[in-house]
Amino acid sequence: MLGLTIPEPPRGCGYIGRFAPTPSGPLHFGSLVAALASYLDARAHQGQWLVRIEDIDPPRCQAGASDSILQTLDDYGLHWDGNICYQSQQTTHYISALKQLQQQQRLFFCSCSRSQLQAHTTYPGTCRHQLGAPVKGACSYRIQAPDLEIGFDDLIMPTYKENLAQAVGDFILRRKDSLFAYQLAVVVDDALQGITHVIRGADLYQQTPRQIFLQQGLNLPTPTYGHIPLIMNDQGQKLSKQNFAQAITTEAAPALMSQAIQRLGQALPAELVAAPVVDQLSWATQNWNRTLIPCHRQDPIAF
Ligand code: GLU
C-alpha cells in the first residue's frame with residue numbers, strides 16, 4: 001500500500017507551526033525575523049513550534065550551519081518543541097510520495113538538458129509522454145501541471161491564485177542528480193510534522209499554489225499560510241546568505257530582537273527595547289497582532 005502515514009496530532013493542539021531553515025549559513029537578521037514571526041504566531045495561539053532543518057541539497061549546505069542556527073535560536077530565546085526534523089533523514093518518505101504520484105500517471109521522466117529549455121519560460125512538454133519506466137541516462141522527475149487555477153487565502157498578504165500550467169508549467173520533484181526538490185520535501189514534511197500553520201517569508205508566497213497542488217495529489221491536508229515581507233539590504237536585495245548577509249551574534253540579541261519585533265509592526269514599549277530577550281518575547285507573545293505586519297510586497301522592509 002503506497003501513501004504517507006501521517007501521525008495523529010498531539011491531543012489538544014490545534015496549532016502546530018514551524019521554522020524550516022536551509023543550513024546554507026548561520027542565521028542572519030532576515031531569517032531571525034522569519035523565525036520570530038512563526039514563533040510568535042504559534043505561541044500567541046498556544047501552539048507548538050517545531051524546527052525543521054531543510055538539508056536536502058548538500059551542495060547548498062554549509063558544514064556546521066545547522067548547529068549554529070539551532071544554537072542561535074536558543075540564544076535568542078526561540079525554544080522549539082519536540083525533536084528537530086532533518087530532511088536528509090526523510091528520503092524514504094519522499095520516495096513513497098513520488099511513487100504515489102507515479103501511480104496516478106502524473107509524473108514523467110524528463111531528459112531535457114538545460115540548454116534545450118533555455119528559450120522557454122515554462123516547460124514545453126517535450127518529455128510528457130515518458131510516464132512509465134525511467135528512460136536511459138540521467139533524468140529528472142517532473143509533475144504535469146494542471147491547466148487549473150489554484151489559490152489560497154493568506155493570513156497576511158492578499159489572496160493569491162494562479163493557473164499552474166500557465167504560470168509555472170510542469171515542475172521538477174526530483175532532480176537529475178537524484179536530489180529531491182524543495183516543493184516535494186516541504187509538502188511531505190509539513191504533513192508528517194502535522195503542521196497546521198506556515199508563517200514564512202514572502203519569497204515563497206507564489207510557490208504556495210504548487211504546494212497545495214501536491215498536497216491535493218498526495219491526499220494531504222493544506223495548512224493555513226501567512227507570508228511576511230522580506231527584509232532587504234540597502235541595495236534592495238533580499239537579505240540572504242547568497243547576498244552575504246551578516247551572521248547575528250549572541251551579544252546583539254536584545255538589540256536585534258527588539259528590531260525584529262518592530263519590523264513585524266509590533267509596537268514594543270520603549271522600556272523593553274534593551275530588555276533581555278525573554279522579556280521582549282513574553283510581551284510580543286501576549287500582544288501579537290498579525291494585522292500590524294506590513295504586508296505590501298512592493299514595499300519590502302529595508303534593513
Ligand atoms: N528552507 C526555506 C528557506 O530557508 C524555507 C522553506 C519554507 O519555509 O517553506 O528559505
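First listed ligand is number 1; within each ligand, the first listed atom is number 1.
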Please list, in number order, the atoms of ligand 1 under 4.0 Å from a heavy atom of E54. 1 (N), 2 (C), 5 (C), 6 (C)
Under 3.5 Å side-chain donor-acceptor pair for N287 and Q266: no
Does this structure show an ion pair linking R43 with D81, if we count only N-O contacts that are shorter than 4.0 Å? yes
With heavy atoms under 4.0 Å as the rule, classify the contact between T22 and ligand 1 as side chain, backbone, both or neither. both
Using a 4.0 Å cut-off to any heavy atom of V186, which atoms of ligand 1 qualify? 9 (O)
Can you run down the side-chain hydrogen bond (donor to acceptor under 3.5 Å, both in side chains) pairs that involve residues 247-256, sequence neighbours left out, and say none if there aren't any? D75-T250
With the threshold set at under 4.0 angstrom, would you say Y182 reaches ligand 1 through any of its heavy atoms? yes
Indicate every side-chain donor-acceptor pair of residues 114-121 with a distance under 3.5 Å to a residue at least two apart or in another chain.
unit_1, atom_1, unit_2, atom_2, d
S115, OG, S113, OG, 3.2
Q116, OE1, S113, N, 2.7
Q116, OE1, S113, OG, 3.2

For the ring pair F108 and Y141, is the centre-to-centre distance below 6.0 Å? no
Once you restrict to heavy atoms under 4.0 Å, what part of D203 touches ligand 1? Side chain, backbone, both or neither. neither
List ligand 1 atoms under 4.0 Å from L204, heavy atoms only on the residue side. 5 (C), 6 (C), 7 (C), 8 (O), 9 (O)
Would you mind telling me if ligand 1 is within reach of the side chain of R18, the backbone, both or neither, using heavy atoms under 4.0 Å? side chain
Ring centers of Y225, Y160 separated by less than 6.0 Å: no
